[in-house]
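Inspection log for the structure reproduced underneath, given as structure tokens.
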Amino acid sequence: MSATDKSQHRTISVNPDPDKLLASDKKHIWHPYSAIASDIPVYPVESARGVRIKLADGRELIDGMSSWWCAIHGYNHPVMNTALAKQLDSMSHVMFGGLTHEPAIELAEKLVEITPEPLQSVFFADSGSVSVEVAMKMAIQYWNAKNRPNRQRFLTIRHGYHGDTFGAMSVTDPVNGMHSLFADTLAQQYFVDAPACRFGEACNADDIAPLQQQLETNKDHIAAVILEPIVQGAGGMRFYSADYLRRVSELCSEHDVLLILDEIATGFGRSGKLFACEHADIAPDIMCVGKSLTGGYMTLAATLTTEEVSQTISKGDPGVFMHGPTFMANPLACTAANASIKLLLESPWQQNIANIEQGLIKGLAPCSQLHSVKDVRVLGAIGVVELHQPVDMKTIQPMFVEAGVWVRPFGRLVYLMPPFIINEAELGTLTAAVCQVLQSLKH
Ligand SMILES: *Cc1c(COP(=O)(O)O)cnc(C)c1O
């Protein structure tokens with residue numbers, strides 16, 4: 001492109017004509033898992049407040065997604081805004097190498113306090129995927145420090161999702177995660193089938209046998225088992241047996257393999273417990289949190305581990321943990337997290353989530369009558385309608401917008417995970433819109 005072409009394009013930012021903005025978006029910007037110049041619509045947002053997202057054309061949508069698990073208090077929360085404005089006045093960022101600050105220390109203390117007791121050491125990462133990379137590196141460095149350098153691989157179950165960077169991808173479901181595309185670059189990990197036992201059911205010997213066998217056969221190469229506890233998110237929105245998770249934890253102890261739990265989606269109340277591992281009453285050796293950590297305000301994640309792991313790494317060769325992001329423990333992000341956790345814990349969150357659970361069960365029940373629907377399931381503030389066929393985004397997305405709701409299906413899954421502050425009527429609008437849109441699709 002010539003210099004004159006570029007200067008002509010600059011007028012776009014001076015004159016934000018909505019059509020031109022959208023044309024520019026389409027021409028230049030990748031959205032998540034999208035194509036450039038895609039004909040699937042994207043909607044310009046003007047603002048968002050509470051559970052409502054206001055589009056540039058003036059329409060207001062009730063939010064059913066919490067911006068992918070994050071915005072648990074809704075948008076533009078006055079308490080969050082005040083906390084961030086105050087922090088902005090003192091500093092938005094300083095490097096974390098050789099410097100420290102109160103927002104990070106306060107957050108680390110709080111995370112140690114509210115997560116399972118053995119987790120005592122905190123590493124701040126800039127996104128969920130990075131916190132998973134960090135967890136995997138911790139496990140490898142731990143075994144290296146214990147003179148077990150062959151333990152560099154990971155065991156997990158199919159249908160998992162742990163993020164989009166290479167380490168995280170390597171333990172994400174091989175089919176959903178398109179492992180074939182990156183075959184020569186991706187680390188080879190051990191996979192077993194996800195358990196068939198659903199949440200609320202017992203787990204029998206057949207359910208756990210594949211994982212048990214892999215551990216027995218390959219434990220000398222396995223640094224850790226990595227799982228999303230109870231809820232498998234982007235890999236299929238499946239809710240599995242707490243008994244299974246308990247068995248996995250026991251097997252890890254028996255075979256002296258670390259357990260990494262990825263609570264990035266489930267953490268901070270979404271499944272009805274503050275952390276989903278509480279359903280099984282277990283504690284991991286390493287835990288990742290992210291997403292709703294900052295109430296959806298900023299990107300921040302954390303990897304927590306035990307003193308056994310952190311001290312072993314610190315005493316082993318090379319004597320340090322080999323990771324340190326530029327924006328580590330960003331003070332604004334830590335402030336958002338501190339405010340969000342305080343808001344959550346001071347709210348009647350168990351009751352709110354129990355109410356949402358009841359509203360989702362009642363409101364989504366009619367969907368199970370539809371021929372297109374394979375399964376309807378609800379856990380905590382997560383409601384899932386699984387279809388027989390994948391949705392056509394180009395058709396279904398505008399239908400939800402027309403119905404006044406923001407619902408973003410993927411594949412065969414239409415699901416709701418609203419902000420915890422949603423009221424009964426708003427939740428009713430969301431579930432009715434899901435039922436009505438699916439019915440009018442008439443598969
Ligand atoms: C979203 C998610 C991640 C990745 O987090 P990003 O912030 O998108 O990198 C990892 N694990 C789970 C379970 C997630 O839901």
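Counting convention: from 1, in listed order, for ligands and their atoms alike.
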Looking at His101 and Met91, would you say the former's side chain and the latter's main chain have a donor-acceptor pair under 3.5 Å?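 A pair under 3.5 Å: no.
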Is any side-chain heavy atom of Asp207 closer than 4.5 Å to a side-chain heavy atom of Asn204?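 Answer yes - side chains close enough.
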Heavy-atom closest contact (His159 atom, Glu228 atom, distance):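 What the structure gives for the nearest pair is O-OE1, 4.3 Å.
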Parallel, tilted or perpendicular: which fits the ring planes of His323 and Phe321, with parallel below 30° and perpendicular above 60°?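 Taking Phe321 first and then His323, their aromatic rings lie parallel (interplane angle under 30°).
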Once you measure the plane-to-plane angle for Trp406 and Tyr43, does it fall in the parallel (<30°), tilted (30-60°) or perpendicular (>60°) bin?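 Aromatic pair Trp406/Tyr43 classed perpendicular.
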Can you pull the residues with any heavy atom under 4.0 Å from ligand 1?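 Its neighbours under 4.0 Å (heavy atoms only) are Ser127, Gly128, Ser129, Tyr161, His162, Gly163, Glu228, Asp262, Ile264, Ala265, Lys291, given by chain and number.
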Is a salt bridge present between Arg158 and Asp173, judged by a nitrogen-to-oxygen distance below 4.0 Å?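 No.
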